[in-house]
Number of protein chains: 2
Amino acid sequence: MVDIRNTRQRRAVSAVLDELEGFASAQQIHGVLGQRGEKVGLSTVYRNLQALVDAEQVDALRGNDGEVLYRRCEAGEHHHHLVCRSCGRAVEVAGPAVESWATKVATENGFTDVEHTLEIFGTCADCSAST
Amino acid sequence: MVDIRNTRQRRAVSAVLDELEGFASAQQIHGVLGQRGEKVGLSTVYRNLQALVDAEQVDALRGNDGEVLYRRCEAGEHHHHLVCRSCGRAVEVAGPAVESWATKVATENGFTDVEHTLEIFGTCADCSAST
DNA sequence: AAGAACCATGAGAACGATTGTCAAGACGAG
DNA sequence: CTCGTCTTGACAATCGTTCTCATGGTTCTT
């Protein structure tokens, strides 16, 4: 009974995610792999990232241009991100008040199966310094 | 000095937005126009929607699948939406507490030029009834 | 009303991110 | 080592959206 195999490519993608500070797109990750000589197909990068998201080991969010960005997160629970628009660096933030507010508003209006997305974008100190 | 012209297509797109209750994609709007005999090119629909968004007469948000959805909104000020995943119907909601929380968190972490996105998705009463 | 100036349109090509296809390759259990 | 099966990779395909550019429609001026 084999289920999830431990392949070179899977390890490589995972390794890149461990080293990255912030969110990165699939294509960026593919690029990094290429630069360090790890040959991994683009489809494989997408597949593995998707698998990691499904396994809840990686967080994904959609940037303003519609690209999906990935990042390994510390917190296992529900949380949001404060993301640097320029370098992608991110801080994990929790906002219990927001969560309860969102569900309250939703139920008050008769909505069920409530979900929400919340991301904060800005320019981090380092990036605004290096202008 | 001509600037923004009043064309049949522009009026048609605007009219559809007025009648729609909820968020709709550019392609859906193009479809509606087609059904009612208004021949408008898809590019034109995109262009006019974009113009309306720039003019802040229409709100846009990105659905989970990455599609951009449009809707004419009442409130001129900053607000968020409670959107039905199934029919697109939306309620405009304001969350002053969330706004201030977001900026506080951001500045505490040294971020500037702060923006945020927040959308609440759920299934509205009507849609959950008709299952 | 007529002409000029120029913005807007539409058909289709182009694009960029992502997903699907499928034969060939790699992994792990036995 | 062998076999069954999970993975991979090269490339085609998809999907939403944007671009291009020749043609048509609007508005301003006279």
Side-chain angles (χ1 to χ4, degrees), chain A residues 1-17 23-55 57-71 83 85 88 119, chain B residues 1-17 20 23-55 57-71 83 85 88 117 119:
Chain A
M1 165 183 267
V2 187
D3 226 23
I4 292 185
R5 289 181 183 174
N6 180 21
T7 65
R8 173 181 65 77
Q9 294 87 336
R10 193 154 304 188
R11 266 176 273 124
V13 170
S14 209
V16 173
L17 284 167
F23 280 89
S25 69
Q27 318 242 9
Q28 283 177 324
I29 292 171
H30 179 249
V32 172
L33 287 168
Q35 285 179 352
R36 58 173 74 166
E38 292 273 12
K39 303 196 202 315
V40 181
L42 185 54
S43 316
T44 303
V45 174
Y46 274 105
R47 266 188 302 245
N48 284 328
L49 285 172
Q50 191 52 58
L52 287 165
V53 170
D54 291 346
Q57 288 178 32
V58 163
D59 277 16
L61 64 84
R62 212 174 277 273
N64 283 329
D65 52 358
E67 248 187 344
V68 179
L69 305 174
Y70 303 87
R71 177 175 188 267
V83 187
R85 214 185 327 267
E119 309 297 342
Chain B
M1 169 181 261
V2 189
D3 228 21
I4 291 183
R5 291 183 180 169
N6 180 21
T7 64
R8 174 182 63 80
Q9 295 86 337
R10 195 155 308 196
R11 268 176 271 124
V13 170
S14 210
V16 173
L17 284 167
L20 255 36
F23 280 89
S25 71
Q27 319 240 9
Q28 284 177 323
I29 292 170
H30 178 249
V32 172
L33 287 168
Q35 285 179 351
R36 57 173 75 165
E38 291 274 10
K39 304 199 202 315
V40 181
L42 184 54
S43 317
T44 303
V45 174
Y46 274 106
R47 266 189 302 245
N48 284 327
L49 286 171
Q50 191 52 58
L52 287 166
V53 170
D54 291 346
Q57 288 179 31
V58 162
D59 277 15
L61 63 84
R62 210 174 278 276
N64 283 329
D65 53 357
E67 244 185 348
V68 180
L69 306 175
Y70 303 86
R71 175 174 190 269
V83 187
R85 213 184 329 266
T117 64
E119 309 298 343

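Residue numbers start from 1 in every chain, and the chains themselves are labelled A, B, ... in the order their sequence lines are given, proteins ahead of strands. This one's a predicted model, so the numbers in the text were calculated from it and none came from an experiment.
Look at CG on A/Asp3: it is 18 Å from P on D/dG4, rounded to the nearest Å. Protein atom CD of B/Gln27 is 12 Å distant from nucleotide atom C1' of D/dT18, rounded to whole Å. At whole-Å resolution of the value, CZ in B/Arg62 and C1' in D/dC15 are 13 Å apart. In this entry the distance linking CG of A/Asn64 with P of C/dA17 reads 15 Å, nearest Å. In this structure, A/His30 places its NE2 atom 13 Å from C1' of C/dT18, rounding to the nearest Å. In this structure, A/Ile4 places its CD1 atom 17 Å from P of D/dT5, rounding to the nearest Å. Between the CZ atom of B/Arg11 and the P atom of C/dA8 there is a distance of 14 Å, given to the nearest Å. Between B/Ile29 atom CD1 and D/dT17 atom P the separation is 10 Å, expressed in whole Å.
Looking at every heavy atom in both residues, A/Leu69 comes nearest to A/Ser25 through CD2-N, 3.6 Å. Minimum interatomic distance between B/Arg11 and B/Asn6 (heavy atoms only, all atoms of both residues): NE-OD1, 3.1 Å. Shortest non-hydrogen contact noted between A/Phe23 and A/Gln28 is O-OE1, 4.3 Å.
For B/Arg10, the side-chain atoms get nearest to C/dA8 when compared with the rest of C/dA8, C/dG10, D/dT8. Relative to the side chain of B/Gln9, the nucleotides C/dG10, D/dT17, D/dT7 differ in distance, and C/dG10 lies closest. Closest to the B/Arg8 side chain, of the nucleotides D/dT17, C/dC27, C/dG10, is C/dG10.
In the helix from C/dA1-D/dT30 to C/dG30-D/dC1, the terminal helix axes, each the rotation mapping four pairs' C1' atoms onto the next four within five end pairs, subtend 30°, rounded to 10°.
For the pair A/Leu61/A/Val83, a side-chain contact is recorded, criterion being any heavy-atom separation below 4.5 Å from C-beta on.
Remark: B/Glu38 engages B/Arg8 in a salt bridge, criterion side-chain N to carboxylate O under 4.0 Å.
One N or O on the side chain of B/Arg62 and one on the backbone of A/Asn64 form a donor-acceptor pair closer than 3.5 Å.
Of the candidates B/Leu42, B/Val45, B/Val40, B/Ile29 forms a side chain to side chain contact (heavy atoms under 4.5 Å, CB included) with just one, namely B/Val45.
Considering CD of A/Gln57 and CG of A/Leu17, their distance stands at 10.0 Å, rounded to 0.5 Å. Summarising the geometry, atom CG belonging to A/Leu52 is positioned 8.0 Å from atom CZ belonging to A/Arg10; distances are rounded to the nearest 0.5 Å.
The stretch residues 40-49 of chain A touches DNA chain D through A/Val40, A/Gly41, A/Ser43, A/Thr44, A/Arg47, A/Asn48, each having a heavy atom under 4.0 angstrom from the strand.
Map B/Leu69 and B/Asn6 each onto its nearest nucleotide of DNA chain D; the residue landing nearer the 5' end is B/Leu69.
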